[in-house]
Amino acid sequence: MPDNLTVLGVWAHPDDESYGPAGTFRKLADEGVRTAVLVATRGQLGGIADPSIATPASLPEVREAELRDAAAILGIGDVAVLNYQDGQLMDTDVLELRGEVVRVIRAIKPDVVVTFGPAGVYGHPDHVQIRRVVTEAFTAAGNADNYPEHMEQGLAPYSPSKLYYLAVPEHVAGRISESGIIADHDSDITTTVDVRPYVETKLRAIRAHRSQTDFPRELEENSAELLSMEYFKRVLPQPETGEQMEHDLLTGLR
Ligand SMILES: [Zn+2]
């Protein structure tokens, strides 16, 4: 396979990468694929599980450190964090935020980009906004007319090959009662990745976010059932009618 395949995940908060496709990212890393994560905020609005871990003042720094710990557990080599405020991505300058995502795409040159789906898993406005901005950035990054200042900074236009949205199928969403998860239609899922060997690793990555309190009990108690498969919707290139289910984000690229 080409030796420089790269997969980039773009999320809103530290811990999205661990609740999201953590098993897939660890599996890709184990296969020699370069993986990277971009997070738009430091999760400043998160609760604090234990006052000895963080104060409101130290929380941004603590959550970034937890993100880096989780990334190390998942074999994610590149971690980029933007300076946006947790909970305010809907109110931020969209062109500027998109430019930041374009800049990271041009710098990291991922073959595949992964982000939230339109529902943002449970409708979190930051997640919904990241999905929108990443979808626009995916296409914008390839055109030198967009954010020309990047070229002056030594970057070049770059077009990733594939864009995926994280998906939660109905049978999984239905098992996590308190989270308000908005399920994707099973027929929209194009890609399933078997991550059974990585369930414990995924739980360790989630637990690396030590300052956070909201770990759904059902995930821990039914981890083998709920975390052993990860689901995606390929957005670009668009799926063809009757296309077979993929089992790898790099299908067709390696
Ligand atoms: Zn989040």
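If you check the side chains of H247 and D194, you find no donor sitting under 3.5 Å from an acceptor. For E17 and H209, the side-chain atoms include at least one donor-acceptor pair closer than 3.5 Å. Judged by distance alone, the side chains of Y147 and E96 never bring a donor and an acceptor atom under 3.5 Å apart. Between the side chains of D30 and Y198, a donor-acceptor pair is found at a separation under 3.5 Å. T191 and E246 share a donor-acceptor pair across their side chains, judged by distance under 3.5 Å alone. No side-chain donor from either of Q85 and R42 sits under 3.5 Å from a side-chain acceptor of the other.
Residue Q212 holds its CD atom at 9.5 Å from CD1 of I53, rounded to the nearest 0.5 Å. Distance CD1/I105 to CD/E100: 12.0 Å, rounded to 0.5 Å. Atoms OG and CZ, from S18 and R207 in turn, are 11.5 Å apart once rounded to the nearest 0.5 Å.
E200 has no carboxylate O lying under 4.0 Å from a charged side-chain N of R204, or vice versa, which leaves the two without a salt bridge.
At a threshold of 4.5 Å between side-chain heavy atoms, the hydrophobic network of Ile, Leu, Val, Met, Phe, Trp and Tyr places L155 and V102 in two separate groups. Residues F232 and V195 fall within the same hydrophobic cluster, defined by Ile, Leu, Val, Met, Phe, Trp and Tyr side chains chained together at heavy-atom separations under 4.5 Å.
Remark: side-chain polar atoms of E66 are paired, donor with acceptor, to backbone N or O of R210 under 3.5 angstrom.
Under the ring-ring contact (aromatic ring centres under 6.0 Å, His included) rule, F116 has a single partner from Y19, Y165, W11, Y122, which is W11.
The list of salt bridge (Lys or Arg N to Asp or Glu O under 4.0 Å) pairs with a residue in residues 48-61, not counting sequence neighbours, is empty.
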